[in-house]
Protein chains: 2
Amino acid sequence: MKTLSPDQQALFGLLNEIGIINQLSSSLLERLLPHGLTVAQFSLLNHLQRLEGEWSPARLAAAFQVTRGTMTSTLQRLEAKGFISLVPDPADGRAKIVTLTDAGRRARDAALAAAGPGLAEMKDALSPSEVAAVIPVLQKLRIWLDMHR
Amino acid sequence: MKTLSPDQQALFGLLNEIGIINQLSSSLLERLLPHGLTVAQFSLLNHLQRLEGEWSPARLAAAFQVTRGTMTSTLQRLEAKGFISLVPDPADGRAKIVTLTDAGRRARDAALAAAGPGLAEMKDALSPSEVAAVIPVLQKLRIWLDMHR
DNA sequence: ACTAGATAGTATGACATCAAACTAAAAAGG
DNA sequence: CCTTTTTAGTTTGATGTCATACTATCTAGT
């Protein structure tokens, strides 16, 4: 039977662990979020609220490391919920401009308020210093993966 | 504007990083795998090869932390590819027994051989000691999330 | 200016995933 | 034994994601 080297196994195990954490944390978080918001939708609302300026779907797709098609889909769902508005960019006939609506701002605040306690509870699992220690390592991995796309 | 505490922000950032890594590493791995195998399919073949014994869809679903419906779907795709066989369990009219076919064993070996070099390359991003350091922390988080499901 | 190439947004089809509803069969409790 | 509850597997519909292909528009190079 073919096998991997111990180092390869450890790396595979790491990716596996990451996959499970992603799955569990997403579904946990989505259970807390109001308006049937998904993590993708919440992240987008949050991004638009925190970072001022004009955002096109293409810029958002790049910021979130997803394809333009994925962003189209998420934006359409948020628009259907009335949380963002999408208008043509007068300066570029191909582009659109994404704007948070007032309802979107309220939804984002409500979502943040709902998610906060869950994140606070998670400190029982991982101390802030553990979080701080692990983040740079994962960033290195993420950057490497991004470059080898 | 409502905000999260720095600790909450760090935790949210960690989950975000994990989501991106999961996405990037999965698509990178799937580009290497033969037979159009997905990570889910490869993991399942690998599991069946490594761990002897009789596996029902329900046991597999529990082992992989996915719903039975998800496992049904993955098993159907692997069966369509001829890599597993699904037969009724004579001892339990509700259950089925999952078995690797010879083609499935060959596909798993080929997939492992194809994925190995990619994992080896990833050592440029993360040294084995960094991997070893980060795994226990993530395990703690995963276990906590699993208990708070 | 015109053409060729790059970029923006969209559409489609595939896959993984979940939740919820459903059927069939086993297990448990009277 | 019979009824109730639990369990196994499936189905359906929603979401996120990708790759690919397509249209419209912008940009650059000639």
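Throughout, a chain's letter reflects where its sequence line sits, starting with A, and its residues are numbered from 1. In this text the structure is predicted, and so the values were computed from the model without any measurement.
- Evaluation of the salt bridge (charged side-chain N to carboxylate O under 4.0 Å, His left out) rule for E30(B) yields no partner, not counting sequence neighbours.
- Sorted by first and then second residue, the ring-ring contact (aromatic ring centres under 6.0 Å, His included) pairs involving residues 48-76 of chain A (not counting sequence neighbours) are H47(A)-W55(A), H47(A)-F64(A).
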Throw together a table of side-chain donor-acceptor distances under 3.5 angstrom for residues 111-123 of chain B, partners on residues two or more places apart or in other chains.
none

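- Remark on DNA chain D: of its neighbouring residues Q65(A) and A91(A), the 5'-side contact belongs to Q65(A), judged by nearest-heavy-atom nucleotide.
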Next item on the list: Would you write the dot-bracket representation of DNA chain D, where each base gets (, ), [, ], | or . depending on whether it forms a Watson-Crick or G-U pair under 3.5 Å and with which partner?
Entry: ||||||||||||||||||||||||||||||

Next item on the list: Starting at the 5' end of nucleotides 1-15 of chain D, put B wherever the base has a protein heavy atom under 4.0 Å, S where only the sugar-phosphate does, and a dash everywhere else.
Entry: ------BBBBB---S

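- When the salt bridge (charged side-chain N to carboxylate O under 4.0 Å, His left out) test is applied to D109(B), no partner is found at least two apart in sequence or on another chain.
- Residues meeting the salt bridge (charged side-chain N to carboxylate O under 4.0 Å, His left out) test with D124(B), sequence neighbours left out: none.
- Under the side-chain hydrogen bond (donor to acceptor under 3.5 Å, both in side chains) criterion, the residue pairs touching residues 66-80 of chain B are T67(B)-T70(B), S73(B)-R77(B), with sequence neighbours excluded.
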Taking only distance into account, with no hydrogens and no angle test, what donor-acceptor pairs under 3.5 Å do side-chain atoms of residues 35-42 of chain B form with protein atoms, sequence neighbours excluded?
from: T38(B); atom 1: OG1; to: Q41(B); atom 2: N; distance (Å): 3.1
from: Q41(B); atom 1: OE1; to: K81(B); atom 2: NZ; distance (Å): 2.8

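- Every residue two or more places apart in sequence or in another chain that forms a salt bridge (charged side-chain N to carboxylate O under 4.0 Å, His left out) with D146(A) is listed here: R149(A).
- The ring-ring contact (aromatic ring centres under 6.0 Å, His included) analysis of residues 126-149 of chain B, with sequence neighbours excluded, yields the pairs W144(B)-H148(B).
- Where DNA chain C meets chain B (any atom under 4.0 Å from a heavy atom), the bounding nucleotides read 5' to 3' are dC15(C) to dA26(C).
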